[in-house]
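Numbers here are sequence positions counted from 1. Counting starts at 1 for both ligands and their atoms, in listed order.
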Amino acid sequence: LVDFNSSRLARWGWSERVEALLRSALDAGLRPGRIVSLERGGMRVATGDEEPMWLRPGGLAVGDWIALDGPRMAEVAPRWSVLDRLDPEGNRQVLAANVDVVLICAPADRVSLGRLERELVVGWDSGATPVVVVTKMDVAGPQTLEQLQGRLATAEVIATSALDGQGLQELRTRLGHPTTAALLGPSGAGKSTLVNALVGHQLLSVGAVRQSDHRGRHTTTARRLIPLGTGGSLIDMPGLRALASDASDGAVAAAFPDIDQLAGGCRFADCTHSVEPGCAVIAATANGELDTARLASYRKLERELAHERRQVDHLAQQAETRIWKSIQKAHRTNPKRGRR
Ligand SMILES: Nc1nc2c(ncn2[C@@H]2O[C@H](COP(=O)(O)OP(=O)(O)OP(=O)(O)O)[C@@H](O)[C@H]2O)c(=O)[nH]1
Ligand SMILES: [Mg+2]
Ligand SMILES: [Zn+2]
């Protein structure tokens with residue numbers, strides 16, 4: 001069998017599934033490893049050895065599983081989930097790979113429902129399961145949670161406080177072996193503080209929020225995979241200012257199951273639930289079954305996502321134009337190829 005210490009890799013998320021994904025490489029005698037962080041000049045790879053391995057960067061993401069041939073990377077395992085976003089230029093940026101649970105952190109003293117709903121869409125789009133984690137419950141009243149749960153329909157919500165320990169045991173149970181989670185949420189939400197509370201010591205730096213508006217100061221600057229000691233592992237991430245996405249309709253439907261279900265009753269299959277006659281969603285707001293603010297938020301998000309998707313299409317089109325131009329150029333410079 002394979003000569004690596006699978007029990008030492010277990011804390012990094014090694015599982016039967018990963019073993020199956022890397023089967024042929026392992027049979028060929030290669031060793032498995034997982035990308036723990038990307039740093040200047042290289043990436044850190046957990047192999048189960050005492051010291052992490054260093055590799056040159058190569059288009060990988062934190063969470064990727066690879067097969068190593070001595071000091072070289074030989075293979076990347078197929079990803080079962082990809083958490084990504086669009087950067088300001090409209091290019092897809094992979095935030096994390098092979099995540100099972102996306103923990104969407106919202107500070108109880110500064111909850112933005114619109115942001116949460118967008119993060120839920122991005123979470124569902126990754127292929128992982130999003131879970132809303134309300135942080136800093138010690139500074140909020142119970143009505144914060146009720147409002148949130150009322151608005152978010154069926155989303156799983158865990159209320160936590162790193163200060164008084166509320167919800168931490170629930171979170172530990174949710175993050176058993178071999179779960180890999182990733183932390184999404186604004187700067188200052190308390191993501192790194194939560195990791196420190198889960199591991200039981202000050203592993204990561206945390207930063208005070210601004211007094212004036214409780215915003216964070218972007219303390220975490222790199223993504224990093226951390227074994228939790230619960231059997232699961234967790235990727236701490238820098239808080240993102242914007243989370244542009246070209247998420248699928250399926251992801252939107254998963255984040256808005258209440259609206260999706262009502263939409264089945266609309267007269268038009270492509271109803272936008274704004275002006276159409278026979279719209280079951282608008283009817284539901286009229287009889288109080290659906291919150292008007294929730295529908296307004298859904299429509300705003302749909303409009304924004306449509307715009308962001310077009311940006312990606314535009315980039316793809318530009319790339320296609322470039323390819324055609326280079327083909328035409330090749331024809332011009334080689335006159336024989338143009339003739340019949
Ligand atoms: N009252 C209270 N404050 C908290 C709690 N968790 C975090 N904080 C405070 O919130 C501030 C921000 O915490 P961080 O953990 O650095 O936040 P972050 O989400 O990692 O922020 P970035 O790394 O910038 O994305 C710090 O001052 C923490 O002490 C909590 O449960 N209760
Ligand atoms: Mg942080
Ligand atoms: Zn409708």
Report task. Tell me, please: is V139 in heavy-atom contact with ligand 1, that is, under 4.0 Å? Result -> yes
Query raised in the report: With a 4.0 Å cut-off on heavy atoms, does S187 reach ligand 1?
Result: yes
For [atom], which protein heavy atom lies nearest, and how many Å away is it?
atom	value
atom 16 (O) of ligand 1	G207 N, 3.0 Å
atom 10 (O) of ligand 1	K136 NZ, 3.0 Å
atom 17 (O) of ligand 1	G190 N, 3.1 Å
atom 21 (O) of ligand 1	G188 N, 2.9 Å
atom 18 (P) of ligand 1	K191 N, 3.5 Å
atom 14 (P) of ligand 1	T193 OG1, 3.5 Å
atom 23 (O) of ligand 1	T220 OG1, 2.7 Å
atom 31 (O) of ligand 1	A162 N, 2.8 Å

When you look at [atom1] of [X], are more than 12 heavy atoms from neighbouring residues, nucleotides or ligands closer to it than 6.0 Å?
X	atom1	value
E16	CD	no
Q93	CD	yes
H201	NE2	yes
H218	NE2	yes

Check: [X] N/O within less than 3.5 Å of ligand 1 N/O:
X	answer
R217	no
D236	no
V206	no
S205	no
T135	no
M237	no
P238	no

**Report entry** Qualifying residue, where the test is side chain to side chain contact (heavy atoms under 4.5 Å, CB included) with L295 and the options are T285, D258, L262
**Finding:** T285
Query - Reference residue I104; test side chain to side chain contact (heavy atoms under 4.5 Å, CB included); the match among L120, V131, V122, V133 - result: L120
Specify the closest pair of heavy atoms between [X] and [Y], including all atoms of both residues, with the distance to one decimal.
X	Y	value
A108	T144	O-CG2, 3.7 Å
R110	P186	NH2-CB, 4.2 Å
L86	S245	CD1-C, 3.7 Å

Query raised in the report: Hey, are D100 and T179 close enough side-chain-wise for a donor-acceptor pair under 3.5 Å?
Result: no
Query raised in the report: Does the side chain of R303 come under 3.5 Å of the side chain of S274 through a donor N or O and an acceptor N or O?
Result: no
Report task. Using only N, O or S atoms, tell me which atom of H273 is closest to the Zn ion (ligand 3). Result -> ND1
Which of the atoms of ligand 1 are close to [X], meaning less than 4.0 Å from one of its heavy atoms?
X	result
G239	25 (O)
S192	15 (O), 20 (O)
H218	24 (O)
A208	27 (O)
D138	1 (N), 2 (C), 30 (C), 31 (O), 32 (N)
S161	31 (O)

Requested in this report: Kindly say whether G41 contributes a backbone atom to a donor-acceptor pair with the side chain of R56 at under 3.5 angstrom?
Outcome: yes
**Report entry** salt bridge (Lys or Arg N to Asp or Glu O under 4.0 Å) between E117 and K300, intermediate numbers included
**Finding:** CA-CA 11 Å; E117 285 165 335; K300 179 164 177 279; over 6 Å; no
Query raised in the report: Which angle, to the nearest 10 degrees, do you find at the Mg ion (ligand 2) between OG1 in T220 and OG in S192?
Result: 90°
Could you list the donor-acceptor pairs under 3.5 angstrom formed by side chains in residues 152-164, with sequence neighbours left out?
| from | atom 1 | to | atom 2 | distance (Å) |
| --- | --- | --- | --- | --- |
| E156 | OE1 | R174 | NH2 | 3.3 |
| E156 | OE2 | R174 | NE | 2.7 |
| T160 | OG1 | V134 | O | 2.9 |
| S161 | OG | D138 | OD1 | 2.7 |
| S161 | OG | L163 | N | 3.1 |
| S161 | OG | D164 | N | 3.0 |
| S161 | OG | D164 | OD1 | 3.2 |
| D164 | OD1 | Q166 | N | 3.0 |

Requested in this report: Using the six-membered ring wherever Trp is involved, compare the ring planes of F256 and Y298 and label them parallel, tilted or perpendicular (cut-offs 30° and 60°).
Outcome: perpendicular
